Amino acid sequence: MNPFVRRQLAGPLCYRRSSSALLKRAAALGSAFVLAGCASLSPDGGAADVQALVGNNPLMAGSTAQRVPDETSQKSVDALLAKPLDAEAAVRIALVNSPRVQDAFATLQISDADRVQAASLPNPVLSFSRLAQGREREFERMLSFNVIGLVTLPWQARWAGQRHEAAKLQAAQSVLLLAADTRRAWVRAVSAQQSVAYLRDAKDAAEAGAELAHRMAQVGNWSALQRTREQLLLADAAAQLARAEQTAVATREQLTRLLGLRGERIGYTLPDRLPPLPQSAPDLGDVQARALRDRLDVRSAQAQNTAMADSLGLTHATRVINAMDIGAVRNTTFENDADRSRSTKRGFELDLPLPLFDWGQARTGRAEAQYMQSAARVRDVGVLAASEAREAWQGWNTAYAQARRYRDDVLPLRKKVNEEMVLRYNGMLASVWELLGETRASMLVVNAGMEAQRDFWLADTDLQFALTGSSPGGMTALQTATAGDAPAAGGH
């Protein structure tokens with residue numbers, strides 16, 4: 001058996017066998033009452049804690065995620081939409097306006113309610129019965145308490161608090177994922193819009209070539225083959241433009257959905273081009289170490305594993321007796337005779353399940369398996385984080401090198417070729433067909449350069465998220481983990 005599991009199983013037994021067990025039980029009862037008095041719902045639903053986790057992240061652009069949009073925030077959204085929307089403004093709008101943020105905070109608020117519920121004293125149970133036999137009437141009243149629930153209250157409260165800390169990390173992950181998705185959608189939308197503009201110029205050049213070819217063929221200066229080639233170039237340019245226009249619409253709508261916009265607000269404008277590349281690559285140090293230290297899914301998995309370890313100890317401590325009720329009983333009997341006499345009996349009642357058939361082996365085995373599952377998830381998330389950090393760093397370097405090659409080498413050379421071709425055309429050393437051909441080739445190269453620039457900014461977002469957020473696979477695993485059952489002991 002795993003040594004940590006053995007310690008978790010042995011811990012509660014050692015606790016009961018301690019010479020100061022009575023004092024510890026008394027202290028536990030006292031702490032239960034303190035916990036019950038201090039537990040209260042967070043006034044902001046945990047929004048401040050989430051902001052503290054993500055506030056310094058570069059993906060956030062210094063913005064704040066809002067749990068409930070107010071009138072002031074909506075005015076700020078309108079002010080941002082009045083200008084061409086850059087990436088930082090898009091992230092700010094999404095963090096204020098997107099339903100995904102509100103869903104993340106609502107989930108966190110549910111976890112906060114579970115935390116408070118787990119730290120609340122179990123309610124007493126009032127029982128009343130009326131019995132009749134002939135003229136005799138009997139009334140029985142009993143007020144009982146769940147003793148096991150009271151004794152295990154500190155354990156339950158600590159377990160729920162640890163689960164709530166994991167829920168905060170998961171909410172922070174959701175916020176960062178929205179910020180990263182918004183940045184990617186903005187990059188794709190601006191790039192698609194820029195590509196449409198260049199492909200329209202390419203189509204115009206193809207139309208001019210096709211019209212000129214048609215006229216030259218009419219006067220017999222060109223063959224049908226040459227005219228058909230120009231018409232084919234025009235048809236291909238038109239098809240590429242149609243695809244680019246559809247891509248521009250799709251990417252813009254994706255961005256609109258992430259921003260949570262509707263009505264007149266969907267008419268926002270985007271910049272004409274993407275931002276320029278950074279002059280040099282930043283030194284990020286050891287990306288693996290940074291990912292294992294800063295990634296929220298790693299921290300969330302560790303917090304979840306700690307909570308599972310505590311729930312394992314609680315399950316083992318109550319494996320045999322997981323319920324006990326004690327109550328005060330008052331039984332009054334009325335005699336329906338001339339004297340109207342009555343008699344009252346007082347006492348107490350103890351309800352204790354007898355472990356004849358169920359000794360808790362199944363619950364203990366399930367708790368041990370859940371802990372081992374949680375520990376395996378910690379290891380899996382650690383391996384995933386390190387691997388994705390290395391992959392994202394390599395992708396960033398490749399995209400940056402490719403974009404710089406276009407910026408520093410390919411595009412300047414293409415510009416020089418165009419200038420030389422214009423000079424040759426002006427000197428009647430090149431034909432109009434050669435000039436049009438170079439113009440079309442230049443537009444295609446410029447479009448490829450824009451795609452390389454787009455791929456770099458997408459890789460930059462992926463790298464920042466891989467170092468500080470999580471992967472979609474990590475998010476899914478942690479959502480499953482944080483949806484686990486509470487330890488089945490001392491229920492209210």
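None of these values were measured; they are calculated from a predicted model.
Considering only heavy atoms from C-beta on, R407 comes within 4.5 Å of L277 through its side chain. The shortest distance between side-chain heavy atoms of D460 and V187 does not fall below 4.5 Å. Taking the side chain as every heavy atom from C-beta outward, R273 and M450 never approach each other to under 4.5 Å. Residues V175 and M60 have side chains in contact (heavy-atom distance under 4.5 Å, counting atoms from C-beta outward). Side chains of V417 and L413 form no contact here, defined as non-hydrogen atoms less than 4.5 Å apart. Between L232 and T228, the closest side-chain pair of non-hydrogen atoms is not below 4.5 Å. Proximity of R184 to D462: side-chain heavy atoms (C-beta onward) are separated by under 4.5 Å at one or more points. Put simply, the side chain of L241 reaches to within 4.5 Å of the side chain of V196, judged on heavy atoms.
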Run the side chain to side chain contact (heavy atoms under 4.5 Å, CB included) check on Q66 and V101 step by step: do they pass?
CA-CA 7 Å; Q66 281 195 258; V101 173; 5.8 Å; no
Go through V91 and L59 one step at a time and tell me if the side chain to side chain contact (heavy atoms under 4.5 Å, CB included) criterion holds.
CA-CA 8 Å; V91 171; L59 293 173; over 6 Å; no
Side chain to side chain contact (heavy atoms under 4.5 Å, CB included) for T461 and Q464? Distances and angles first, verdict last.
CA-CA 5 Å; T461 301; Q464 295 297 336; 5.9 Å; no
Intermediate values then yes/no, side chain to side chain contact (heavy atoms under 4.5 Å, CB included), H164 and K168
CA-CA 6 Å; H164 185 55; K168 290 178 185 177; 3.5 Å; yes
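Atom CG of L199 and atom CG of D204 lie 11.0 Å apart (nearest 0.5 Å). Considering CG of D181 and CG of L176, their distance stands at 11.0 Å, rounded to 0.5 Å. Taking CG of D297 as the reference point, atom CD of Q170 lies at 10.5 Å (rounded to 0.5 Å). For the atom pair L259 CG and L85 CG, the distance stands at 6.5 Å (nearest 0.5 Å). In this structure, CG in D236 is found 14.0 Å from CD in Q231, a value given to the nearest 0.5 Å. In this structure, R299 CZ and L169 CG are separated by 5.5 Å, a value rounded to the nearest 0.5 Å.
A donor-acceptor pair under 3.5 Å is formed between the side chain of R115 and the backbone N or O of S40. Judged by distance alone, the side chain of T398 and the main-chain N or O of G395 form no donor-acceptor pair under 3.5 Å. Using modelled atom types, no side-chain atom of S387 and backbone atom of V383 make a donor-acceptor pair closer than 3.5 Å. Without hydrogens or angle criteria, T251 side chain to A248 main chain gives a donor-acceptor distance under 3.5 Å. Between the side chain of D112 and the main chain of L108, no donor-acceptor pair closer than 3.5 Å is present. Looking only at distances, no side-chain donor or acceptor of Q74 sits under 3.5 Å from a matching main-chain atom of N97. Using modelled atom types, no side-chain atom of S111 and backbone atom of T107 make a donor-acceptor pair closer than 3.5 Å. At distances below 3.5 Å, not a single donor-acceptor pair connects side-chain atoms of Y268 with backbone N or O atoms of L80.
Remark: R414 fails to qualify as a cation-pi partner of Y406 under the 6.0 Å distance and 45° angle criteria applied to the six-membered ring.
A salt bridge is defined here as a Lys NZ or Arg NE, NH1 or NH2 lying under 4.0 Å from an Asp or Glu carboxylate O, and D78 with K75 fails to meet this definition. Look at E419 and K416 and you find no salt bridge, because none of the NZ, NE, NH1 or NH2 atoms lies under 4.0 Å from a carboxylate O. Using a 4.0 Å cut-off between charged nitrogen and carboxylate oxygen, R257 and E253 do not count as a salt-bridge pair. Note on R92 versus E88: no salt bridge recorded, every NZ/NE/NH1/NH2 to OD/OE distance being 4.0 Å or above. A salt bridge links R404 with D408: the closest approach of a Lys/Arg side-chain nitrogen to an acidic carboxylate oxygen falls below 4.0 angstrom.
Between F465 and A180, the shortest heavy-atom contact is CD1-CB, 4.0 Å. In plain terms, the two heavy atoms of T64 and V96 that are nearest each other are O-CG2, 4.3 Å. Smallest separation of non-hydrogen atoms from L258 and R100: CD2-NH1, 3.2 Å. In terms of heavy atoms, K203 sits closest to A237 at CA-CB, 4.0 Å. For A403 against F456, the heavy-atom pair with the smallest separation is CB-CB, 4.2 Å. Residue V50 comes nearest to A171 through the heavy atom pair CG2-CB, 3.9 Å, listed as atom of the first residue, atom of the second, then distance.
Crowding of R293 atom CZ: a count of heavy atoms from other residues, nucleotides or ligands under 6.0 Å exceeding 12. Sparse packing is recorded around CG of N56, with 12 or fewer heavy atoms of other residues, nucleotides or ligands lying under 6.0 Å away.
Side-chain contact, Q402 with R405: a donor N or O sits under 3.5 Å from an acceptor N or O.
R424 pairs by the side chain to side chain contact (heavy atoms under 4.5 Å, CB included) definition with L429, A430, not counting sequence neighbours.
Judged as a side chain to side chain donor-acceptor pair (under 3.5 Å), the pairs with a partner in residues 186-197 (not counting sequence neighbours) are, in order, S195-N447.
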